[in-house]
Amino acid sequence: MALRAAVLRHVRVAVQTRGLKSNPWAPSGSIRLMSSHDDHLAKEEVAERVLSVIKSFPKVDPSRVTPEVHFQKDLGLDSLDNVEIVMALEEEFKLEIPDKEADKIDSCNLAIEYIHNHPLAS
């Protein structure tokens, strides 16, 4: 284990791009190897799914839900409702939001931003 750590401290692996002239799917004629961010959710998709989750919440009037809506101020929800919405978002996007972060999510915009920036959201 110590040998592995010592070797890894001194080894550098460069990310390379290789031109693939025959690949019609590569927009610039090249691909980036070892990238893990290719399947990240688009912000529009995140927004659509967040709004759908909030509109389906029993205490919410779907006609009042917009990307700018605040859960408590605009929709009249309480803190327990806020927790339930965050739990529904966790289920929808298959991720776990830590309690400290969940407490900060009190509007659609904050939910959309948090989930869009979360690397494991799916």
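Although no hydrogens or angles enter the test, the distance criterion places no donor-acceptor pair under 3.5 Å between the side chain of Glu90 and the main chain of Glu96. Proximity of a side-chain donor or acceptor of Ser52 to a complementary backbone N or O of Glu48 within less than 3.5 Å is not detected. Using a distance-only test at 3.5 Å, with no hydrogens or angles considered, a donor-acceptor pair links the side chain of Asp81 to the main chain of Asp78. In this structure, Asn82 contributes its side chain and Ile105 its backbone to a donor-acceptor pair below 3.5 Å.
The minimum heavy-atom distance between Cys108 and Thr66, with the atom names listed, is SG-O, 3.4 Å. Scanning all heavy atoms of the two residues, the minimum distance from Leu51 to Val65 falls at CD2-CG1, 3.6 Å. For the residue pair Lys100 and Lys104, the shortest heavy atom distance occurs at O-CG, 3.5 Å.
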Subject >> Intermediate values then yes/no, side-chain contact (heavy atoms from CB on, under 4.5 Å), His118 and His116 >> reply: CA-CA 6 Å; His118 197 288; His116 175 68; over 6 Å; no
Original post:
Where do Val46 and Glu113 land on the side-chain contact (heavy atoms from CB on, under 4.5 Å) test, with the steps shown first?
Top reply: CA-CA 9 Å; Val46 172; Glu113 285 300 319; over 6 Å; no
**OP:** Go through Lys43 and Ile112 one step at a time and tell me if the side-chain contact (heavy atoms from CB on, under 4.5 Å) criterion holds.
**Re:** CA-CA 7 Å; Lys43 192 167 188 174; Ile112 292 166; 4.1 Å; yes
Original post:
Under the side-chain contact (heavy atoms from CB on, under 4.5 Å) criterion, do Leu77 and Phe57 qualify, and how do the steps go?
Top reply: CA-CA 10 Å; Leu77 302 177; Phe57 193 70; 4.2 Å; yes
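Heavy-atom contacts from other residues, nucleotides or ligands closer than 6.0 Å to CG of Asp99 number 12 or fewer. Atom CD of Glu68 has more than 12 heavy atoms from other residues, nucleotides or ligands within 6.0 Å.
Atom NE2 of residue His70 and atom CG of residue Leu75 lie 9.5 Å apart, to the nearest 0.5 angstrom. Atom CG in Leu41 sits 11.0 Å away from atom CG in Asn117 (nearest 0.5 Å). Glu45 CD to Phe93 CZ: the interatomic distance, rounded to the nearest 0.5 Å, is 7.5 Å.
Taken together through direct or relayed side-chain contacts under 4.5 Å among Ile, Leu, Val, Met, Phe, Trp and Tyr, Leu89 and Val69 form part of one hydrophobic cluster. Leu95 and Ile54 fall within the same hydrophobic cluster, defined by Ile, Leu, Val, Met, Phe, Trp and Tyr side-chain heavy atoms under 4.5 Å apart, directly or through other members. Residue Leu110 is not grouped with residue Ile115 when hydrophobic side chains (ILVMFWY) are merged at heavy-atom distances under 4.5 angstrom, including chains of intermediate members.
Counted by atom type alone, Asn109 and Ser107 present zero donor-acceptor pairs between their side chains at under 3.5 Å.
The closest side-chain heavy-atom distance from Lys55 to Val60 is not below 4.5 Å.
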